[in-house]
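Note that ligands are numbered from 1 as they come in the structure, with each ligand's atoms numbered from 1 the same way. Start at 1 with the first residue, then count along the sequence.
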Amino acid sequence: MAKLISGKEVSAKVRAEVKEECEALKAKGIRPGLAVIIVGDDPASRVYVNNKKKACAEVGFVSEEYALPEQTSQEELIALIGELNSKPEINGILCQLPLPKHLDEKAVINAISPMKDVDAFHPSNVGRIMIGDYHFLPCTPAGVMEMIKSEGIEVAGKNCVVIGRSNIVGKPMAMLLLHENGTVTICHSKTKNLKEVCAAADILVAAVGRPKFVTADMVKDGAVVLDVGINRDENGKLCGDVDFAAVEPKASYITPVPGGVGPMTIAMLMKNTLMAAKIQNEL
Ligand code: NAD
């Protein structure tokens with residue numbers, strides 16, 4: 001039987017800490033502000049944006065929503081980001097991805113001031129993470145690390161396997177595990193012997209985007225299993241990348257879906273926005 005690492009509990013703790021620090025900032029006349037840009041009417045993006053605004057209100061931040069129509073041009077979007085970059089009461093800017101196809105995601109990310117890039121997607125922040133000298137960490141991998149730390153799980157010297165190499169999850173996840181002195185392997189769609197590589201992991205992070213992809217034969221007895229995936233199963237029910245029922249009896253720790261890594265992502269966004277406000281106010 002694995003111990004469940006509850007993202008609900010760990011994220012509530014992170015948000016409570018952010019709230020406390022926010023109150024201390026408010027006493028100094030500083031109120032952190034996050035601008036959230038959404039282009040078009042993708043229902044999933046709408047849910048994420050609403051959740052981010054709700055989290056801001058809960059910790060005491062100001063949030064501004066910029067809901068732009070689907071046909072917004074690249075120039076209009078970049079111009080809005082330019083305005084927000086120079087707006088002092090806005091400390092963090094995020095543009096909800098994915099963007100409509102006619103917009104250039106890379107150019108949009110590049111337009112956000114690195115000091116306000118609370119998603120940590122700007123190349124300058126990505127580079128800083130690579131050399132271990134960063135202000136912000138990307139929210140989902142940072143959330144996974146917070147869950148690992150919440151249980152006092154040692155990473156140093158452990159075999160860590162990350163399945164997935166996206167810029168948002170897989171690659172930075174591997175880097176954060178490396179910073180903690182893990183011995184890290186990144187697997188992806190071209191990896192040979194995936195099963196054997198995963199079965200040697202002490203810490204296994206799944207960020208693939210396929211329901212029940214990680215089966216029991218891919219997991220070593222006593223492994224720590226962190227499931228980043230958010231998928232729908234054959235019945236339309238929310239599930240992760242890990243076949244939870246089959247893997248849970250083998251693992252020592254496991255994160256559920258829902259209620260696992262998901263809630264951590266927004267909590268870490270709040271942490272980054274707080275950090276941005278502190279840096280911009282030279283605290
Ligand atoms: P992505 O599609 O960009 O990347 C998926 C990765 O999986 C790729 O690098 C690919 O090489 C790898 N992959 C695909 N098929 C594979 C195979 N057969 N064997 C090995 N590797 C394979 O996805 P992403 O943005 O990194 O997201 C991954 C999952 O995490 C998705 O389910 C997404 O919804 C979820 N996600 C969750 C959160 C959260 O807050 N919990 C945040 C971001 C993403």
Side-chain angles (χ1 to χ4, degrees), residues 5-11 14-15 36 42-52 54-55 94-99 105-106 109 118-121 126 129 136-148 160-177 184-201 204-215 217-219 225-234 236-244 254-272:
I5 313 179
S6 163
K8 280 189 196 155
E9 281 170 25
V10 184
S11 69
V14 172
R15 289 199 311 272
V36 183
D42 176 63
S45 292
R46 173 42 64 200
V47 172
Y48 289 132
V49 166
N50 288 349
N51 288 342
K52 287 168 188 176
K54 221 168 96 191
L94 80 81
C95 190
Q96 187 65 46
L97 302 178
L99 289 170
E105 252 174 40
K106 265 193 210 160
I109 290 169
V118 285
D119 265 334
F121 293 163
V126 174
I129 291 158
F136 312 120
L137 292 175
C139 301
T140 302
V144 171
M145 292 311 291
E146 197 72 27
M147 293 180 100
I148 292 174
C160 304
V161 173
V162 179
I163 323 175
R165 59 173 162 186
S166 72
N167 289 333
I168 294 176
V169 188
K171 278 190 223 167
M173 186 71 247
M175 200 51 60
L176 300 196
L177 289 163
V184 186
T185 307
I186 305 177
C187 297
H188 47 79
S189 52
K190 302 282 186 288
T191 297
K192 294 200 169 84
N193 310 325
L194 181 72
K195 189 178 116 185
E196 287 74 16
V197 177
C198 292
L204 180 64
V205 182
V208 189
R210 293 192 182 197
K212 301 179 187 174
F213 181 83
V214 176
T215 47
D217 56 348
M218 293 165 75
V219 177
V225 180
L226 300 125
D227 190 350
V228 180
I230 302 178
N231 314 297
R232 297 269 167 197
D233 70 9
E234 60 281 7
K237 210 170 142 238
L238 211 60
C239 73
D241 288 344
V242 175
D243 183 352
F244 187 90
I254 192 164
T255 64
V257 178
V261 177
M264 294 304 301
T265 299
I266 293 185
M268 301 318 278
L269 175 69
M270 298 299 111
K271 205 171 167 172
N272 280 350

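Other residues, nucleotides and ligands contribute more than 12 heavy atoms inside 6.0 Å of the CD atom of E105.
Side chain of D233 to main chain of C239: no donor-acceptor pair is present (N/O by atom type, distance under 3.5 Å, no hydrogens or angles).
Residues that satisfy the side chain to side chain donor-acceptor pair (under 3.5 Å) test with D42, not counting sequence neighbours, are S45. In terms of the side chain to side chain donor-acceptor pair (under 3.5 Å) criterion, residue partners of N231 (sequence neighbours excluded) are, by chain and number, D241.
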Return a table of donor-acceptor pairs under 3.5 angstrom between the side chains of residues 258-267 and protein atoms on other chains or two or more places apart.
unit_1 : atom_1 : unit_2 : atom_2 : d
T265   : OG1    : T140   : OG1    : 3.0

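Between I168 and P138, the closest heavy-atom pair is O-CB, 4.3 Å.
Protein residues having a heavy atom under 4.0 Å from any atom of ligand 1 are T140, I163, G164, R165, S166, V169, H188, S189, L194, A207, V208, G209, R210, F213, V228, G229, I230, N231, V261, G262, T265, listed by chain and number.
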